[in-house]
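Contents: one structure, followed by commentary.
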Amino acid sequence: MNGQTPTQLRPLASGLSPDERSGAYLLHLSPLLGLLLPSIGHLLGPVAAWWMLKSSPALDAQGKEVVNFQLTATVISLLLSVLAFVLIGAGMLGGLAGIVAPLAGMLSMFGAVGALFAILLPLSLLLSVYPLVCMVLGLMRASEGQLYRYPLTIRFLS
């Protein structure tokens, strides 16, 4: 990006054509393809939109931001799924241990299920709402003619 740091990204409003602005809208809305293709649409939409629009430096930067954010959300979701699987498995194993020691088995099972509901369920709900909030913020910035930097994102693509 011509030697600029991410905080010095040029505003889109200076010399931005209407096509670039509508392209930014398309990039920020592209994860909604996940509603039609639940497993891969949230990644496939941004990658396809970015690939089509990356000839513009501003849209190339926004495309990378959207793809990086969706990749980050996917990795976090996968980690939460593995953790839920482990907790449910620990609860079941604890329940089986209840054959030998009923109190220990019951405490183990309730502890695992309690962690599932106390920690993983709220994190999963947050992970389902947070991308929508960020998408709306990205759309608002695009309507103002500015680049949007998604917060809490691992930069897989630079």
>> I need the full list of side chain to side chain donor-acceptor pair (under 3.5 Å) pairs touching residues 30-50, with sequence neighbours left out, sorted by first then second residue.
In response: His42-Thr74, Trp50-Asp60
>> Ignoring hydrogens, what is the shortest heavy-atom contact between Ala142 and His28? Give both atom names and the distance.
In response: CB-CD2, 4.2 Å
> Taking the side chain as C-beta and beyond, is there a heavy-atom pair between Leu27 and Pro46 under 4.5 Å?
Replying inline: no
Contacts table for residues 63-72: side-chain donor-acceptor under 3.5 angstrom, sequence neighbours left out:
residue	atom	partner	partner atom	Å
Lys64	NZ	Ser158	O	2.8
Glu65	OE1	Tyr150	N	3.0
Glu65	OE1	Arg155	NH1	3.0
Glu65	OE2	Arg149	NH1	2.9
Glu65	OE2	Arg155	NH1	3.2
Asn68	OD1	Phe156	N	3.0
Asn68	OD1	Leu157	N	2.8
Asn68	ND2	Lys64	O	3.2
Asn68	ND2	Leu157	O	2.8
Thr72	OG1	Asn68	O	2.8
Thr72	OG1	Ile154	N	2.9
Thr72	OG1	Ile154	O	3.4

Enumerate, atom names and distances included, each donor-acceptor pair closer than 3.5 Å involving a side-chain atom of residues 129-139, sequence neighbours excluded.
residue	atom	partner	partner atom	Å
Tyr130	OH	Pro151	O	3.2

>> With salt bridge (Lys or Arg N to Asp or Glu O under 4.0 Å) as the rule and sequence neighbours excluded, what pairs involving residues 125-136 come up?
In response: none
> Who else is in Leu44's hydrophobic cluster (ILVMFWY, side-chain heavy atoms under 4.5 Å, direct or via others)?
Replying inline: Leu33, Leu36, Leu37, Ile40
> Residues two or more places apart in sequence or in another chain: which of them pass side chain to side chain donor-acceptor pair (under 3.5 Å) with Ser143?
Replying inline: none
>> Applying side-chain contact (heavy atoms from CB on, under 4.5 Å), can you list everything that pairs with Phe117, at least two apart in sequence or on another chain?
In response: Val113, Leu121
> Looking at residues at least two apart in the chain, or sitting in another chain, which of them share a side-chain contact (heavy atoms from CB on, under 4.5 Å) with Leu123?
Replying inline: Leu80, Ile119
> Would you say Ser124's side chain and Leu120's backbone share a donor-acceptor pair under 3.5 angstrom?
Replying inline: yes
> Would Leu59 end up clustered with Trp51 when hydrophobic side chains under 4.5 Å apart are linked, directly or stepwise?
Replying inline: yes
>> Before you tell me yes or no, could you show the steps for Arg141 and Leu147 under side chain to side chain contact (heavy atoms under 4.5 Å, CB included), namely the whole-Å CA-CA distance, both residues' side-chain angles and the distance that decides it to 0.1 Å?
In response: CA-CA 6 Å; Arg141 288 281 172 88; Leu147 292 175; over 6 Å; no
> Nearest heavy-atom pair of Glu20 and Ser56: which atoms, and what distance?
Replying inline: OE2-OG, 2.5 Å
> Is Leu126 linked to Val75 within one hydrophobic cluster, defined over Ile, Leu, Val, Met, Phe, Trp and Tyr using a side-chain heavy-atom separation of less than 4.5 Å?
Replying inline: no
> Gln62 versus Leu53: any side-chain heavy-atom pair under 4.5 Å?
Replying inline: no
>> Quick one, Leu32 with Leu29, criterion side chain to side chain contact (heavy atoms under 4.5 Å, CB included). Give me CA distance, side-chain angles, the key distance, then yes/no.
In response: CA-CA 6 Å; Leu32 291 178; Leu29 287 173; 3.9 Å; yes
